[in-house]
Undergrad: 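Encoded as structure tokens, here's the structure I'll be asking about.
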2 protein chains.
Amino acid sequence: MDISKADSGARRSGTAGDVWLRPSARKGRDAPPLSRDRIVEEAVTLLDAEGADRLTMRRLAERLGTGSTTLYWHVKTKDDVLDLALDMIFAEVLIPAESRGWRADITALIDGWRAVLLRHPWSAALLSRPMLGPNVLARSEFLYATLLRAGAVEPHLTAAAYGLSNYVIGSGLMQATWPTGAGQEARQAAQEHLRAHQESYPALAAHGPHVAEADWDTGFALGLTWLLDGIQAGIAGK
Amino acid sequence: MDISKADSGARRSGTAGDVWLRPSARKGRDAPPLSRDRIVEEAVTLLDAEGADRLTMRRLAERLGTGSTTLYWHVKTKDDVLDLALDMIFAEVLIPAESRGWRADITALIDGWRAVLLRHPWSAALLSRPMLGPNVLARSEFLYATLLRAGAVEPHLTAAAYGLSNYVIGSGLMQATWPTGAGQEARQAAQEHLRAHQESYPALAAHGPHVAEADWDTGFALGLTWLLDGIQAGIAGK
DNA sequence: ACCTGAACACCGTTCAAGT
DNA sequence: ACCTGAACACCGTTCAAGT
């Protein structure tokens with residue numbers, strides 16, 4: 001291939017290289033062309049790696065090998081990026097293919113949902129924006145359809161759908177927030193603070209979530225069972 | 001009072017007024033001296049009036065009649081202001097004075113908690129930071145103490161405390177987020193979007209939360225009942 | 001002990017201009 | 001159709017300096 005020689009020659013001279021080499025020599029390395037999908041993808045990995053307050057249009061653009069202002073051709077605003085990122089990770093929540101009964105189906109959905117929230121801790125804090133992306137809607141659809149097929153009617157239907165959603169969201173928010181593992185110095189400080197004021201908070205100091213590594217999983221499962229039992233009773237008693 | 005005359009005279013001349021009048025002529029009008037409490041108080045009213053993304057150290061300082069940098073004497077960081085504001089509104093949650101039974105007590109606490117979240121919609125989004133303020137802790141203490149007195153033991157105790165908290169938090173977040181009343185154009189747009197794709201989301205389009213003004217209150221109450229029933233069964237069956 | 005001003009290192013976003 | 005650069009109107013925070 002003589003092209004490589006021509007290339008290096010062009011690079012050695014300060015002037016522009018050969019025409020047919022220039023467009024393929026992309027920004028950073030061998031980056032695919034910029035696109036909305038690529039932006040959102042990169043946003044998710046940036047969020048996963050550094051958290052929500054480190055996501056900046058400038059930093060995001062830098063990772064993509066462009067200027068920050070270029071992003072605005074593909075995306076209207078930073079909030080759009082966040083909305084798109086939030087919907088993208090929802091695609092990871094598996095929708096049960098074949099039914100094993102409504103309780104099992106819903107449990108699978110909710111567990112998957114929770115897993116995603118914990119896998120992408122930044123997402124829990126973003127739940128305060130209305131979620132209307134296709135991936136979110138598809139999973140809401142599954143939830144409603146499953147409840148309807150199980151025989152739920154109003155007001156139990158809405159209460160069930162909301163109750164389940166709110167429960168996962170709250171749980172995900174709490175656990176994602178909680179200083180775990182790395183941020184253990186914060187947890188320890190909280191623990192000491194509680195012990196120092198244990199005359200004010202005796203029950204909390206003795207049994208509170210700050211004292212021991214909480215068993216989030218069984219706690220979550222227990223609460224979910226209570227909710228599902230209630231829904232089931234509502235259906236049976238129509 | 002001759003002082004008023006002296007005052008106006010001093011103001012008319014461009015030079016400094018009488019010594020004993022100057023210190024009492026505060027920044028804006030008759031503002032009390034700056035203090036941490038006053039800053040947090042003003043932050044809450046600013047948040048209530050304009051929302052979280054309009055809270056700025058500069059704007060907050062302006063309302064208080066100072067420069068933004070002055071705030072940093074009383075407060076270490078903007079996040080501190082948010083933490084303090086969050087704890088301040090928790091003081092509005094009434095802790096039941098005399099017991100009417102554990103279910104009634106807890107229901108009262110949770111309902112009060114929810115009411116605060118809805119009264120200060122910005123607060124729901126801030127729940128992603130660890131809450132260790134005195135007002136928050138006092139209410140957590142009440143929750144744990146009540147559950148303990150009712151006879152809850154592990155793992156039901158933790159599951160109950162978490163489940164209830166997560167449920168209110170999630171509900172508050174969702175409802176505070178939801179485009180209600182004023183932001184009705186967004187809700188209507190969501191509605192149309194759903195109808196336009198109703199072959200993809202049939203259950204959602206027919207029964208989803210977007211179709212009708214949701215009855216949040218009864219939905220919330222129903223879900224809370226399910227949770228409490230589950231907790232009660234756990235206690236009874238020890 | 002408290003307040004001020006200037007300054008630093010950032011932000012999101014717009015827009016005329018390039019190819 | 002896509003990308004660039006300069007520019008605007010902001011941010012949170014620090015710090016030397018004032019009283």
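All heavy atoms count here, side chains included; hydrogens, waters and symmetry mates do not. Letters A, B, ... are given to chains in the order of the sequence lines, protein chains preceding strands, and every chain is numbered from 1.
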Undergrad: State, to 0.1 Å, how close B:Pro134 and B:Asp87 come at their nearest heavy-atom pair, and which atoms those are.
TA: CD-OD2, 3.3 Å
Undergrad: What's the verdict on side chain to side chain contact (heavy atoms under 4.5 Å, CB included) for B:Leu194 and A:Leu137, showing C-alpha distance, side-chain angles and the deciding distance?
TA: CA-CA 9 Å; B:Leu194 226 45; A:Leu137 288 184; 3.8 Å; yes
Undergrad: Just how far, in rounded Å, is P of D:dA1 from CZ of A:Arg36?
TA: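 A:Arg36 atom CZ is separated from D:dA1 atom P by 16 Å.
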Undergrad: From NZ of B:Lys78 over to P of D:dT13, roughly how many Å is that when rounded to an integer?
TA: 8 Å
Undergrad: Can you tell me how far P of D:dC3 sits from CG of A:Leu60, to the nearest Å?
TA: 14 Å
Undergrad: Which whole-number value in Å describes the distance from B:Leu64 CG to C:dC2 P?
TA: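 Rounding to the nearest Å, CG of B:Leu64 and P of C:dC2 are 16 Å apart.
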Undergrad: What pairs meet the side chain to side chain donor-acceptor pair (under 3.5 Å) rule with one or both residues in residues 160-169 of chain A, with sequence neighbours excluded?
TA: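 Only A:Asn166-B:Ser171 qualify under side chain to side chain donor-acceptor pair (under 3.5 Å).
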Undergrad: Just how far, in rounded Å, is C1' of D:dG12 from CG of B:Asp80?
TA: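 After rounding, the reported distance stands at 13 Å.
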Undergrad: Checking the side chain of B:Ser35 only, and the main-chain atoms of B:Arg38 only, is there a donor and an acceptor separated by less than 3.5 Å?
TA: yes
Undergrad: Kindly compute the distance separating CG (B:Leu71) from OG1 (B:Thr77), expressed to the nearest 0.5 Å.
TA: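 With rounding to 0.5 Å, CG (B:Leu71) is 11.5 Å from OG1 (B:Thr77).
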Undergrad: For residues 51-59 of chain B, which residues have at least one heavy atom under 4.0 Å from DNA chain D?
TA: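 Residues of residues 51-59 of chain B under 4.0 Å from DNA chain D: B:Leu55, B:Thr56, B:Met57, B:Arg58, B:Arg59.
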Undergrad: Would you mind reading off the distance between A:Asp79 atom CG and C:dG12 atom C1', rounded to a whole angstrom?
TA: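 Spelled out: CG on A:Asp79 to C1' on C:dG12 is 10 Å.
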Undergrad: Around atom CD of A:Glu50, are there more than 12 heavy atoms from other residues, nucleotides or ligands closer than 6.0 Å?
TA: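 Yes, enclosed.
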Undergrad: Would you jot down, in residue-number order, the residues of residues 41-48 of chain B having a non-hydrogen atom under 4.0 Å from DNA chain C?
TA: none
Undergrad: Can you confirm whether B:Leu173 sits close enough to B:Leu127 that some side-chain heavy atom of one is under 4.5 Å from a side-chain heavy atom of the other?
TA: no
Undergrad: Identify all pairs in which a protein N or O lies below 3.5 Å from an N or O of nucleotides 14-19 of chain C, and state each distance.
TA:
none

Undergrad: Ignoring backbone atoms, establish whether B:His74 has a side-chain N or O less than 4.0 Å from OP1 or OP2 of C:dC3.
TA: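 Answer is yes, contact under 4.0 Å.
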Undergrad: Using a cut-off of 6.0 Å, state whether more than 12 heavy atoms not belonging to A:Arg36 lie near its atom CZ.
TA: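 Count not over threshold, so no.
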Undergrad: Ignoring the backbone of B:Leu34, work out which of C:dC3, D:dG12, C:dT4 is nearest its side chain.
TA: C:dC3
Undergrad: For A:Asp217, is there an ion pair with A:Arg114 - N to carboxylate O distance below 4.0 angstrom?
TA: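 Yes.
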Undergrad: Reading DNA chain C 5' to 3', what string of ( ), [ ], | and . shows its pairs, if Watson-Crick and G-U wobble pairs count only when both distances fall under 3.5 Å?
TA: ||.|||||...|||||.||
Undergrad: Closer than 4.0 Å, any side-chain N/O of A:Trp73 to the OP1 or OP2 of D:dC2?
TA: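 For A:Trp73, the contact criterion (side-chain N or O under 4.0 Å from OP1 or OP2 of D:dC2) is met.
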Undergrad: Between A:Thr77 and C:dT13, is there a contact of a side-chain N or O with OP1 or OP2 at under 4.0 Å?
TA: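 For C:dT13, OP1/OP2 do have a side-chain N/O of A:Thr77 under 4.0 Å.
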Undergrad: Give, for atom CE of B:Met131 and atom CG of B:Asp83, the distance between the pair rounded to the nearest 0.5 Å.
TA: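 The CG atom of B:Asp83 is 10.0 Å from CE of B:Met131, to the nearest 0.5 Å.
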Undergrad: What's the separation between atom CG in B:Asp79 and atom CZ in B:Arg129, rounded to the nearest 0.5 Å?
TA: 4.5 Å
Undergrad: With a sphere of 6.0 Å drawn around CD of A:Glu92, does it hold more than 12 non-hydrogen atoms of other residues, nucleotides or ligands?
TA: yes
Undergrad: What residue pairs, at least two apart or across chains, pass ring-ring contact (aromatic ring centres under 6.0 Å, His included) with a residue in residues 71-92 of chain A?
TA: A:Phe90-A:Trp113
Undergrad: So, do B:Thr177 and B:Met174 sit near enough that their side-chain heavy atoms are less than 4.5 Å apart?
TA: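 No, side chains not in contact.
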